[in-house]
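Presented below is the structure to which this report refers.
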Amino acid sequence: MSERAGVDATHPVLATLAPLLERVGGTLIAPTDGLPDDVPLVWEGVTLAWVRLTASETEPAEGIRRLLSEVATQFGAPLSELPRADKQRAVRLLEERGAFSYRKSAETVAEALGVTRFTVYNYLNRTRP
């Protein structure tokens, strides 16, 4: 996490979020300098800072690759090598993390899992009520 002047990085909320911001490449922005695409960090009604993601993290291709990598790490194996039940769980996790909000994400996920796009859609339909 890189920090900017005007941000109290010692505040307990910001200090707690530091490892997460470091992992996703977030930058803390002073409370008065937030832009429309930044995410406000509000505590007890006060904006402590804003989080700005690096340009590469906001690019769709990078975002879906990052999510696929995180899920593969969580399972401890490449997604294509997982058994069917774990692939279904991986699709559920990816959906929970917003992977399917990216354009052409079903194709990208299918390729990573070593299945067809149709199979990914079937997995998604099984997880939805």
Side-chain angles (χ1 to χ4, degrees):
M1 166 186 72
S2 59
E3 300 165 6
R4 295 207 174 177
V7 175
D8 179 12
T10 63
H11 189 284
V13 171
L14 300 180
T16 300
L17 290 174
L20 172 64
L21 295 176
E22 184 75 34
R23 183 162 181 179
V24 301
T27 302
L28 286 176
I29 306 297
T32 57
D33 298 336
L35 297 174
D37 287 339
D38 296 340
V39 179
L41 295 176
V42 179
W43 181 255
E44 296 181 344
V46 175
T47 301
L48 301 175
W50 295 80
V51 172
R52 183 170 298 156
L53 298 178
T54 60
S56 65
E57 286 294 314
T58 59
E59 291 296 321
E62 181 64 28
I64 190 77
R65 280 194 295 267
R66 180 180 47 80
L67 290 170
L68 288 166
S69 176
E70 288 173 3
V71 171
T73 299
Q74 186 172 344
F75 280 93
L79 297 176
S80 61
E81 296 177 8
L82 297 176
R84 181 175 177 225
D86 285 346
K87 286 181 180 184
Q88 290 172 337
R89 285 187 19 229
V91 167
R92 195 174 20 226
L93 287 172
L94 288 165
E95 182 179 32
E96 289 170 4
R97 296 174 186 182
F100 295 100
S101 63
Y102 293 103
R103 188 168 187 255
K104 299 206 178 237
S105 57
E107 292 88 344
T108 305
V109 170
E111 184 178 323
L113 291 171
V115 299
T116 66
R117 185 183 70 196
F118 181 74
T119 299
V120 170
Y121 289 129
N122 281 335
Y123 291 171
L124 285 168
N125 287 334
R126 289 180 186 186
T127 63
R128 293 181 179 144

Rounded to the nearest 0.5 Å, what separates atom [atom1] in [X] from atom [atom2] in [Y]?
{"X": "Thr47", "Y": "Leu41", "atom1": "OG1", "atom2": "CG", "result": "8.5 Å"}
{"X": "Leu68", "Y": "Glu111", "atom1": "CG", "atom2": "CD", "result": "9.5 Å"}
{"X": "Tyr123", "Y": "Arg92", "atom1": "OH", "atom2": "CZ", "result": "11.5 Å"}
{"X": "Thr108", "Y": "Leu113", "atom1": "OG1", "atom2": "CG", "result": "11.0 Å"}
{"X": "Leu67", "Y": "Ser101", "atom1": "CG", "atom2": "OG", "result": "8.0 Å"}
{"X": "Leu28", "Y": "His11", "atom1": "CG", "atom2": "NE2", "result": "12.0 Å"}

Looking only at heavy atoms, which two atoms of [X] and [Y] are closest? And how far apart?
{"X": "Ala106", "Y": "Val120", "value": "O-CG2, 4.1 Å"}
{"X": "Ser105", "Y": "Ala99", "value": "CB-O, 3.2 Å"}
{"X": "Gly26", "Y": "Val51", "value": "CA-CG1, 4.1 Å"}
{"X": "Gly34", "Y": "Ile29", "value": "N-CG2, 4.1 Å"}
{"X": "Phe100", "Y": "Leu94", "value": "CE1-CB, 4.0 Å"}

ask   = For residues 76-87, which residue pairs qualify under side chain to side chain donor-acceptor pair (under 3.5 Å), counting only residues two or more places apart or in two chains?
value = Asp86-Arg89
Between the side chain of [X] and the main-chain N/O of [Y], is any donor-acceptor distance below 3.5 Å?
{"X": "Trp50", "Y": "Pro31", "value": "yes"}
{"X": "Asp33", "Y": "Ala30", "value": "no"}
{"X": "Thr16", "Y": "Pro12", "value": "yes"}

Would you be so kind as to tabulate the donor-acceptor pairs closer than 3.5 Å made by side chains of residues 69-78, with sequence neighbours excluded?
| from | atom 1 | to | atom 2 | distance (Å) |
| --- | --- | --- | --- | --- |
| Glu70 | OE2 | Arg66 | NH1 | 3.2 |
| Thr73 | OG1 | Ser69 | O | 2.9 |
| Gln74 | OE1 | Arg97 | NH2 | 2.6 |

ask   = With sequence neighbours left out, what residues match Glu107 under salt bridge (Lys or Arg N to Asp or Glu O under 4.0 Å)?
value = Arg117
key: Any side-chain heavy-atom pair of Leu48 and Val42 under 4.5 Å   = no
query = So, do Leu14 and Trp43 sit near enough that their side-chain heavy atoms are less than 4.5 Å apart?
reply = no
Distance-only donor-acceptor check, side chains Thr116 and Thr119, under 3.5 Å = yes
